Amino acid sequence: MQTKYIFVTGGVLSSLGKGIAAASIATLLKSAGLKVSILKCDPYINVDPGTMSPLEHGEVFVTDDGAETDLDLGHYERFLGENLSQLNNFTTGRVYSSVIEKERRGDYLGKTIQVIPHITGEIISRIKDAGEGKDILIVEIGGTVGDIEGLPFLESIRMLGGELGHENAMFIHLTLVPYIKAAGELKTKPTQHSVGELRRIGIIPDMLICRSEQSLGRELKDKLAASCGVAKNCVIESCDQPSIYQVPLSFEAQGILDAISGKLALGELRADMSEWNELVKRVVAPAHEITIAFVGKYTDLKESYKSLTEALIHAGAATDTRVNLKWVDSEKLEPNTAESMLKDCAGILVAGGFGLRGVSGMMEAAKYVRTTNTPYLGICLGMQIALIEFARSVLGIKDASSAEFDKSCSEPVIYLIDSFIDASGAKQIRTHVSPLGGTMRLGGYECHCAPGSLLSKCYGGANLIKERHRHRYEANPLYRERLENAGMKISGESDGLIEAAEIPEHKFFLGVQFHPEFTSRLKEPNPAILGFIKACCAR
Ligand code: GLN
């Protein structure tokens, strides 16, 4: 079957949940038996979001093949239940750098290089690559219609839509239908303007998805259909929901599959969402409830831990538990405040992070759990912190630290390794010169689990697992023997690197160098995170 394309654009405002809408459509189409993939095009100039501050851009999601991508890729994977790759996200910066590289090589045979056709050509060829071998590719264009930087992308999908023909391309436009309190009314005008803007650049939407606080009702849907020139069954509402995982179910109930099938000539589509439906019930109204402490320095920016907060929801659905998070700002955690800030929590999580800020508070949290036998999951930086705290308090190495916090540290329990094997199997030498962009250990690596360890038990007794990484520093093997003799067991290893540490005597004390949250899905919660939540529930 020739690949069919669904292009998703956004209008009126950003942050309307285009990624969730695109992922929801992909989920329904996949449940109806189609081979679906999804692509995010980001109009910003950064080559990838790896160098952006989490304050600017939320989480950097890491794919199995080691690409640092937009956080929407995380939603796509969690909804679709599939690994995506670097083919599934690209930016303007990436497009320009490959066009410029080709120009320098002389590939364009003396031509003047222009936005049209060269930049658009590069965009189109990347879209086609992502669609290769799929029945349907969903292409989400980042940003909002009207953004200057988005124009080459819109022009590209307009051209591609024309080339593909009527039954192979569909345009979905997501807009906001605001509720004006004073008038007591939902307003359709912003959507009409946004569709007008889209038509001006040559794209006629086939479907509208309307975000709103309230249900639109038939009358408003019909009004939008008439004023925006789409079929009546192609106006889909997307009301605020308690859980993002309800969105596909709501779309399905409005007949979105029939509407898509009508446009793309896909025949009758029936999605089997029964398992999903059961899980969503447990997300929305679970039988149990616990509170865990989430210790980090970006507690004001929950978007930067998106995958982790979603992974906790997945583990909650699997255990029929609402996992409430108490966001604990590590900069406020001190020896005399740790107990009062943490004692009402069933477990404590220290998540990944960079830099020195907030680290001493994380160390206090690690000490608190160790001495009170409270379940602990330390992820990436959280594992490094646990080892440093243990080295300081139990081994008495008072200068123990990480080379990240103190370059000339005399006891680098966590150190900067200068070479490692990357996800493709190639040896990478760290440059040290530029600490930013492409100098991290990224992507999926296999990890050997010690038999009988807590880590292995979490993964159902597995001795080999694969999880994703995003870090520069590592636990220093020089301290291994001393740590182990004092009761901190190294339970995970990969090519000689220390990947996990645990205290066997403790109820649940696990530190992992990888980021388990990146592989968690609603239908398949990550085993390490699930193990932690189960330990918290048991408490
Ligand atoms: N900053 C630490 C490192 O680079 C941990 C990174 C992380 O938590 N993702 O090794």
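In each ligand, atom 1 is the first atom listed, and ligand 1 is the first ligand listed. Sequential numbering from 1 along the given sequence is applied to the chain's residues. Heavy atoms only: backbone and side chains are in, while hydrogens, waters and symmetry mates are out. Please read all numbers here as calculations on a predicted model, not as lab measurements.
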Tell me whether Leu381 has any N or O atom under 3.5 angstrom from an N or O of ligand 1.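 Yes.
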Should Gln513 be counted as touching ligand 1, given the test is an N or O pair under 3.5 Å?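 No, Gln513 has no N/O under 3.5 Å of an N/O on ligand 1.
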Check Leu381 against Met362 and note the closest heavy-atom contact, atom names and distance.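 Scanning both residues, the minimum pair turns out to be CD2-SD, 3.8 Å.
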Nearest heavy atoms of Thr63 and Gln86, plus distance in Å: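 Shortest heavy-atom separation between Thr63 and Gln86 comes out as OG1-N, 4.3 Å.
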Taking [atom] as the reference point, the nearest protein heavy atom with its distance:
atom: atom 5 (C) of ligand 1; answer: Gly353 O, 3.3 Å
atom: atom 4 (O) of ligand 1; answer: Arg472 N, 2.9 Å
atom: atom 7 (C) of ligand 1; answer: Cys380 SG, 2.9 Å
atom: atom 2 (C) of ligand 1; answer: Glu404 OE1, 3.2 Å
atom: atom 9 (N) of ligand 1; answer: Arg470 O, 2.9 Å
atom: atom 10 (O) of ligand 1; answer: Tyr473 N, 2.8 Å

Test Arg126 against Glu122 for salt bridge (charged side-chain N to carboxylate O under 4.0 Å, His left out), laying out the working first. CA-CA 6 Å; Arg126 284 174 179 262; Glu122 179 73 26; 2.9 Å; yes
Any heavy atom of His515 sitting closer than 4.0 Å to ligand 1?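 Yes; His515 lies near enough to ligand 1 that a heavy-atom distance drops under 4.0 Å.
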Under 4.0 Å, heavy-atom basis, I'd like to know which part of Met440 is in contact with ligand 1: side chain, backbone, both or neither.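 Met440 to ligand 1: no contact under 4.0 Å from either part.
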Given the ring of Tyr445, does Arg441 sit roughly above its face, with NZ or CZ under 6.0 Å from the centre of the six-membered ring and within 45° of the axis?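 Pair Arg441/Tyr445 counts as cation-pi.
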Got a second to check how far Ile388's CD1 is from Met363's CE, nearest 0.5 Å?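 So the gap between those two atoms works out to 5.0 Å.
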Any idea which atoms of ligand 1 are less than 4.0 Å away from a heavy-atom of Gly352?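 Going through ligand 1 atom by atom, the ones under 4.0 Å from Gly352 are 8 (O).
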Within 6.0 angstrom of Glu149 CD, more than 12 heavy atoms from elsewhere: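 Counting other residues, nucleotides and ligands, CD of Glu149 exceeds 12 neighbours.
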Aromatic plane relationship, Phe514 with Tyr459 - under 30° parallel, 30 to 60° tilted, over 60° perpendicular: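 Tyr459 vs Phe514 ring planes: perpendicular.
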Flag for Asn324-Glu289: side-chain donor and acceptor within less than 3.5 Å: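 Per modelled atom types, Glu289 and Asn324 side chains form a pair under 3.5 Å.
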